[in-house]
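Since the structure comes first, as structure tokens, the remarks are kept for the end.
What you are looking at is a predicted structure, and each value in this text was computed from that prediction instead of being measured. In each ligand, atom 1 is the first atom listed, and ligand 1 is the first ligand listed. When a residue number appears, it is its place in the shown sequence, counting from 1.
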Amino acid sequence: MKSLWDDAEAARFGGPLGPRVYTSRLLGRDKSLVLHGGGNTSVKLRERNLFGEDEDVLYVKGSGWDLETIEPAGFTPVALGHVRRLAGLRSLPDPQMVNELNTHMLRAGAPSPSVETILHAILPHPYVDHTHADAVLAVSNAPQGDKRIRDIYGERVVVIPYIMAGFDLAAHCAREFPKQATGNCIGMVLLSHGIFSFGADARESYERMIELVSMAEEYLQKKRAWHFKLPHTQPAHAKREEIAQLRRVIADQAGMPLILKTNENEKFMGFARHPDIERLSQKGPATPDHVIRTKPLPMLGRDVTGYAKKYREYFERQAPHAKDKKTMLDAAPRMVLDPQLGFAAAGRTARDAAIVEDLYDHTIDVILRAEALGGWRAVSERDLFDIEYWDLEQAKLRKAGSPPVFTGEVALVTGAASGIGKACVESFLARGAAVIALDVNPAIETLWPRVDVLGATCDLTDAKAIESSLDRGVRRFGGIDMLVLNAGIFPSSQPIQEIAAQTWKGTMAVNVEANLMLMQRCHPLLKLALRGGRIVVIGSKNVPAPGPGAAAYSASKAALNQLARVAALEWANDGIRINSLHPNAVYDTALWTDEVLASRAKAYNLTVEQYRKNNLLKQEVSSRDVAELAAEMCGPLFAKTTAAQVPVDGGNERVV
Ligand SMILES: [Zn+2]
């Protein structure tokens, strides 16, 4: 492991917290040290208060911040003296500990300080860094991990047995640290949990972390446990219906829609097909705090009922040992290892699923390296239960409000790179959905650089392109629950006698046939949507009220409208509802340049301003107006509505 320290870069981080922010980010950059909110750092500063008195302040990572992207505002100042005294109490229930930490913050509105704050307070050094380094976990989760850690580090670290994070661990460390620490001590290893380093300044503490973790890595190399082999396999390319089916069964068990992200890369596929997978995968996570996101064990294969039964038994075995009454969480797996699928991660959001995948990617490293040292072990089931059902976590669940309406659901939007399609993507994202955004314009690929959007270039008249986009979308999110048929073309105005056959065919190909192909291929997926499949057709005012010069366009939209009505009849039994919107005069789209607008306005003897609002309500209709209605039509307000045609045009005399 290499130090990433760079003097020039470090110099850019000014202010009293600058160096603390910089090295925290360096830790965050290395995924084999910390992952997704794991790990934390702190600094002890002396500050003058309003009365001119000097106070000791502990700035510690606040919850909700990631080390990789942390800012000064992500560090919560707490009264160091008070927090240190807490460690001396004989006992302190964790919810009360959190209350003490939260009531001794020195900045209103700062994030809640890390639950490991007391640990930072009791270590005497100004800078403290804490990670869940893969290499340290691999060694400490091998047979005689305790002895191995002592062999590697000697007097350089204090070694603490596994105790769940929270007050008990902090109090234990407060007693043990002074007893064990010698003048050579630069860190502390918490077995099966992680490692601390500390120092007089940010760089010293950081470099010591790198040094300590490197020593564990070298140990693994020396023991020939660093490189591991997995059976060489080819991806199986499971059918997308199989993936969607699995997602549905998991969602049924969880009682809510979930994103299911599959990954059949060599590592996941090789691990899923490992001859010893049963033993390797069924012991527990690399470090117990993963359990909150991953549940204790992955599901092997696709028997969700069997998994849930085992999970219930685990709860019933462990709950009676807990200090207070626990409420069982849903029994659905969050991780799947399957010889055909590779690895699949389930999460409430695309981000949650991506985090689960990252965690297990690193867990495989830890498992296989510990295995090479003589046998992978995890902490006991009791310890895992204690974390999964920790008061603090259960309290968070009770407090969590209701998530956005489409959380865990997937929408596919066509023509998504501009205008109404682009606005639809935004409207569905705002309601918590993950979105597969298709457009013939390759700009779609980078329009939304975020985990909950898959932007794919797709010519909808090309069946193969549709197939591959759907395959990618389903591998990324697990299925399709909502479909917004927006892509369309508007050929230039022509009287009927002048329409070329090519124009007619081209318009029909995009506005009708492409939608038919997409609907046909999405049908098996929509059928599996937990809340029923939903389709919204972006139609046109031209359907109820066609205009001269737009025969190809009007006829194509009318055909699409009729297709939607028949789909409403045929697919109602599958729980799929399909509704149409008829927008008119939406001018903030790519079709309408200033010139076109000016010439159209002139043709009607209106100013551009009058032309824009030329409807009964005298209101301009924007892409966003249409998109918001499209999203609402997929929501609970329209749950009992199918085959509706709703104008969104500010009111039009001819439609009325
Ligand atoms: Zn930790």
Any ring-ring contact (aromatic ring centres under 6.0 Å, His included) pairs touching residues 112-143, not counting sequence neighbours?
H120-F196, H125-F198, H130-H132, H130-H193, H130-F196, H132-H193
For a side chain to side chain donor-acceptor pair (under 3.5 Å) with S192, tell me which candidate from D383, T287, N141 qualifies.
N141
Looking only at side-chain N and O atoms, does R148 offer a donor or acceptor that is under 3.5 Å from a partner on Y219?
yes
Report yes or no: do Y314 and E388 form a side-chain donor-acceptor pair below 3.5 Å?
yes
How many protein atoms of type N/O/S are positioned less than 2.8 Å from the Zn ion (ligand 1)?
4
Results of side chain to side chain donor-acceptor pair (under 3.5 Å) for D330 - residues two or more places apart only
R334
Mind checking what makes side chain to side chain donor-acceptor pair (under 3.5 Å) contact with D386, not counting sequence neighbours?
none
